[in-house]
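Nothing here was measured: the structure is a model prediction, and the numbers come from that model. In the text below, chain A, chain B and the rest are named by the order of the sequence lines, each starting its count at 1.
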Number of protein chains: 2
Amino acid sequence: MRIDDESSGDVTDVAKVPTSADVAREAGVSQSTVSYVMSGKRPISSTTRRRVEEAIARLTYEPHAGARALAGHRTSTIAIVMPLRPTSSAQRLMTFVEEITLAARERDYDVLLVTADEGPAGLRRVVGRSLCDAVVVMEVGTTDERVTIAREVRAPVVVVGIPEDGDGVDCLDFDFAGAGRLLVEELADLGHRAVDVVGWDPDVVADGYNYVPRFTRGATSAAEDRGVELRWHLPADAPGLRTTLEQVCAPRPEPHGLLLVRAFPEVLRSLSEHGLRPGRDVDVVALASDTEAQAHDLTATATRPREVSRRVTARLFALIDGDAVPGRAAAETVPAELVRRGSTRRP
Amino acid sequence: MRIDDESSGDVTDVAKVPTSADVAREAGVSQSTVSYVMSGKRPISSTTRRRVEEAIARLTYEPHAGARALAGHRTSTIAIVMPLRPTSSAQRLMTFVEEITLAARERDYDVLLVTADEGPAGLRRVVGRSLCDAVVVMEVGTTDERVTIAREVRAPVVVVGIPEDGDGVDCLDFDFAGAGRLLVEELADLGHRAVDVVGWDPDVVADGYNYVPRFTRGATSAAEDRGVELRWHLPADAPGLRTTLEQVCAPRPEPHGLLLVRAFPEVLRSLSEHGLRPGRDVDVVALASDTEAQAHDLTATATRPREVSRRVTARLFALIDGDAVPGRAAAETVPAELVRRGSTRRP
DNA sequence: TTGTATGCGTTATCAC
DNA sequence: GTGATAACGCATACAA
C-alpha cells in the first residue's frame with residue numbers, strides 16, 4: 001500500500017476528487033471533525049470551524065452522496081412516481097414536479113423521478129434499493145395496487161388521489177367532487193335546466209383515475225339537488241368528436257349551458273364557427289387551469305396543483321421527521337374555487 | 001461485538017432489510033458470488049446461479065444503491081436540469097422528461113431532477129456529490145454559465161440548445177432556424193408579401209433562450225430571400241395583447257398571413273370574433289406541438305421533442321459507455337417538418 | 001468456477 | 001471540544 005504523504009503526488013496527478021479525509025488533512029483536524037462541521041451535530045469551536053470551512057472551499061469538497069446514504073441510513077432524496085400519460089394537463093403535472101422539487105431543495109433534498117409504466121414494481125424498487133427516504137405517488141387509480149404497496153413499504157408514502165381503499169395510507173387531492181358541484185351550481189344559478197357536459201376521453205376514463213368518478217358524483221348530485229339535467233358527451237378522435245360538437249352546437253330554443261372538463265379548443269372553436277359566442281349565446285364553465293381559463297376567457301375552477309403540492313410536501317416531511325404517524329390522518333382535500341370570466345353571463 | 005449466528009434473532013425482530021451477505025448465507029455461497037451473479041461480470045455455474053436467484057427471490061433482496069455507488073464508482077443515475085419556467089410548453093418538457101426517463105430505465109438507470117433555479121451550482125452539485133453519472137441540461141441560453149461548467153465537470157453532459165460558444169460541449173436541439181424558414185416559405189408560397197408574426201413574450205425573450213434568435217434568424221432570412229415583409233408583435237398581458245390583436249385582426253385589402261410561435265388561444269379566438277376564419281380569410285401557420293396544432297387545426301411545424309430526446313439519450317449513453325469522446329461532435333440539429341392543416345388555403 | 005480480503009467515503013459511538 | 005475507530009453494503013483484485 002502506498003503511503004499517503006503530502007508530497008507523494010506525481011507530476012501528472014489526475015485531479016482526484018477530494019474526500020472529507022483530504023479536507024481534514026488540509027485543515028489539520030480529524031476526519032470526524034469535518035463530518036461534524038458539516039452536519040452541525042456537535043459543538044465546534046469557531047476557529048476549527050473556520051479552518052475546516054476554508055479547507056472545504058479551497059478543495060471544492062463535496063460529500064459523496066452514496067457514502068452518506070450508506071453510513072447515515074438516509075438518502076436525502078424523495079421519489080415522485082409520475083402517472084402513465086398526461087391525463088390531467090402536462091402543465092398540471094409540471095407544476096406538481098416543480099413545486100415538490102423546490103420544497104425538497106429547501107431542505108437539501110433531491111428528487112428522483114419514477115415513471116408509472118414500471119407499475120407497482122417501481123415503488124418497491126426505489127425504496128428497496130434505498131434510493132429515497134419517501135415517495136409521492138401521483139394520480140392513483142380508484143383501485144390501485146400501488147396503494148397496497150404503499151402500506152407495505154418501509155418508507156413514508158403520500159398518495160395524490162383518493163383511492164377506494166385508502167385506509168392506512170396518506171391520501172391528498174384536489175376536491176374534484178366540489179368542483180363538479182360548483183360548476184353545475186353556477187350554471188343552475190344562471191337559469192339552465194339542462195346542461196351539456198363534455199367529459200374525459202374514454203381512454204382516460206378506462207385508466208381508472210379516481211378523480212373522474214369523484215367529479216362526476218359531485219356534478220350529478222348537484223344536478224339532482226338543483227333539478228338540472230346533465231347530458232354527457234365523451235370526446236374522441238375525429239368521428240366521435242364531430243358528433244359531440246354537432247349536438248353541443250345545435251341551435252336551441254332555450255338558453256344553453258355547457259360544462260367542459262378541460263378547455264377543449266376544438267369545442268370552443270366549433271362554437272364560434274357556429275356563431276355561438278360564450279357569455280352571450282351560451283354559458284360555458286370549465287375545469288381548467290388559470291392559464292388556460294385566462295387564455296380562453298373561461299369561467300372555471302382550477303385544480304390548484306400548487307396548493308396540493310404544498311400540502312403533499314408538508315405531509316411528507318412531517319412523516320420523514322417523525323412528526324406524523326403514517327396513514328393516521330384522514331384523506332385531505334383542497335377546496336375548489338370558481339373564478340368568473342367572460343364565458344358566462346353575470347348572474 | 002455480537003456474534004452473528006442464525007439463531008440470534010429475538011422473538012420480536014424487526015424485519016431487517018436483507019443484504020447480499022444474507023443472500024449469500026441463504027444460498028450457501030460467498031457474498032462475492034452473489035455480487036457476480038447480479039452483475040454477470042464473471043461466469044457462474046448454472047446451479048449456483050439458480051440457488052442465488054432463488055435466495056434473492058425468497059428474501060426479496062434489493063441491492064443498496066448507495067453502497068453500489070460507493071464501491072462501484074457509478075450511480076446508474078442521470079440528472080436532468082430543467083429550465084426555469086415552462087418557456088416552451090409544459091407539454092414539450094414533460095415529453096422530454098418522459099422519453100429520457102424511459103430510455104434510462106431500459107438500461108436500469110434512474111433519473112434525478114434538478115431545477116434550474118439552482119443555477120450553475122446545481123450542475124456542480126449533482127456531479128460533485130456523485131449523485132449521477134451524466135447530465136442533460138435542458139434549454140440553455142445563448143450565453144449560459146452552465147455550458148462553461150459542463151466542460152469543467154468530470155461527468156458527461158449533453159446540452160439541449162445551441163449556445164453561442166458551444167465548442168467542446170455536446171449540443172443538440174431542434175432546428176428552430178429551419179422551422180422559421182419553413183413557416184415563412186409556406187406563407188410566401190401562398191402569395192403573401194407581408195406577414196404578421198406573433199412572437200414570444202418579452203420575458204421569455206429576456207431569459208435569453210437561444211432558440212428565440214435562431215428561429216428569428218431563420219424566419220428573417222427566408223423573408224429576405226422571398227421578398228416578404230415581417231411585422232413582429234410581442235404578446236403580453238392585457239393592454240399589449242389587445243394592441244397586437246387589433247393590429248393582427250384589422251381588415252385588409254389583400255390576403256393576410258399570420259405566423260404564431262405558439263398556438264395562442266387568445267389570438268385565434270380574437271380572429272374568429274372578428275369574423276376572420278383561418279384557411280379562408282387568413283392563412284395561419286404556427287410553431288406548435290402536434291397535439292395543439294391538431295386541436296386548433298393549425299398548419300404547423302412541431303418541435304419534435306421525442307426525436308430530440310432520442311438523440312440526447314443516444315449521445316449520453318455513448319459518452320457513458322466511452323463510445324464517444326466528450327465535446328468532440330458538432331452541434332446536432334433535428335430537422336423541422338411542416339404539416340398542413342385547415343388554417344391555410346391549399347397552395 | 002468459486003472464495004477471501006480489502007477499500008469505497010461517510011456517520012456515529014466511544015474514548016479523551 | 002476533539003480524535004480514533006467501527007460499521008454501512010457492495011465491487012473487485014487476488015487466490016485457489
Side-chain angles (χ1 to χ4, degrees), chain A residues 1-4 16-52 55-56 59-77 108 127-131 133 154, chain B residues 1-4 16-53 55-56 59-77 108 127-131 133:
Chain A
M1 199 182 116
R2 208 178 83 176
I3 303 298
D4 221 19
K16 208 201 56 164
V17 335
T19 70
S20 60
D22 298 323
V23 174
R25 201 176 312 123
E26 175 86 8
V29 299
S30 78
Q31 183 272 323
S32 66
T33 296
V34 175
S35 179
Y36 283 115
V37 165
M38 299 209 66
S39 69
K41 287 191 179 176
R42 87 178 180 190
I44 301 282
S45 78
S46 54
T47 68
T48 35
R49 152 162 295 117
R50 203 176 32 69
R51 294 180 54 187
V52 169
I56 288 176
L59 303 184
T60 62
Y61 162 73
E62 305 239 28
H64 187 289
R68 272 201 161 164
L70 183 56
H73 304 286
R74 35 192 260 81
T75 60
S76 292
T77 298
D108 204 24
V127 352
R129 293 193 176 185
S130 297
L131 278 162
D133 300 334
R154 63 182 172 71
Chain B
M1 197 182 118
R2 209 178 82 177
I3 303 299
D4 220 18
K16 209 202 58 167
V17 335
T19 70
S20 60
D22 298 322
V23 174
R25 202 174 313 124
E26 174 86 10
V29 298
S30 77
Q31 182 269 321
S32 69
T33 296
V34 174
S35 180
Y36 282 117
V37 165
M38 299 208 66
S39 70
K41 287 191 180 175
R42 86 178 182 189
I44 302 281
S45 78
S46 54
T47 68
T48 336
R49 151 162 295 119
R50 202 174 36 68
R51 294 180 54 186
V52 169
E53 282 167 349
I56 288 176
L59 304 183
T60 62
Y61 163 74
E62 306 239 28
H64 187 290
R68 266 198 169 168
L70 184 55
H73 304 286
R74 33 190 259 84
T75 61
S76 292
T77 296
D108 204 23
V127 351
R129 293 194 176 185
S130 298
L131 279 162
D133 300 333

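Rounding to whole angstrom units, CD of residue E62(B) and P of dC10(D) are separated by 11 Å. Regarding R25(B), its CZ atom lies at a distance of 13 Å from the P atom of dT4(C), rounded to whole Å. Following rounding to the nearest Å, R129(B) (CZ) and dT11(C) (P) show an atom-to-atom distance of 10 Å. Rounded to a whole Å, the CD1 atom of I44(A) is 7 Å from the C1' atom of dG1(D). Atom C1' of nucleotide dG9(D) and atom OH of Y61(B) are separated by 7 Å, given to the nearest angstrom. Distance H64(A) NE2 to dA11(D) C1': 13 Å, rounded to the nearest Å. Rounded to an integer number of Å, the gap from CG of L59(B) to P of dC10(D) is 12 Å. Rounded to an integer number of Å, the gap from CG of L70(A) to C1' of dA11(D) is 13 Å.
When distances are taken from the side chain of R68(A) to each of dC8(D), dT10(C), dA11(D), the shortest belongs to dT10(C). Nearest nucleotide to the S45(B) side chain, out of dT1(C), dT11(C), dG9(D): dT1(C).
A distance of 11.5 Å separates CZ of R154(A) from NZ of K16(B), quoted to the nearest 0.5 Å. Remark: R42(A) CZ to T33(A) OG1 distance equals 5.5 Å, nearest 0.5 Å. Between the CD atom of Q31(B) and the CG atom of D22(B) there is a distance of 10.5 Å, given to the nearest 0.5 Å. In this structure, CG on L59(B) lies 11.0 Å from OG on S20(B), to the nearest 0.5 angstrom.
DNA chain C is contacted by both T47(B) and S20(A); T47(B) maps to the nucleotide lying nearer its 5′ end (nearest heavy atom per residue). Both G66(A) and P43(B) sit near DNA chain C, but only P43(B) has its closest nucleotide nearer the 5' end.
Remark: T19(B) is not in phosphate contact with dG9(D), judged by side-chain N or O atoms under 4.0 Å from OP1 or OP2.
Contact of the L131(A) side chain with the T75(A) side chain is not registered, since no non-hydrogen atoms from C-beta on lie closer than 4.5 Å.
Applying the side chain to side chain donor-acceptor pair (under 3.5 Å) test to T47(B) and every residue at least two apart in sequence or in another chain returns S45(B).
Residue-level contact check: T48(A) touches the backbone only, with heavy atoms under 4.0 Å from sugar-phosphate atoms and none from bases.
Between R129(B) and D108(A), at least one side-chain nitrogen of the basic residue sits less than 4.0 Å from a carboxylate oxygen of the acidic one, meeting the salt-bridge criterion.
Within residues 32-42 of chain B, the residues having any heavy atom closer than 4.0 Å to DNA chain D are, in order of number, S32(B), S35(B), Y36(B), K41(B), R42(B).
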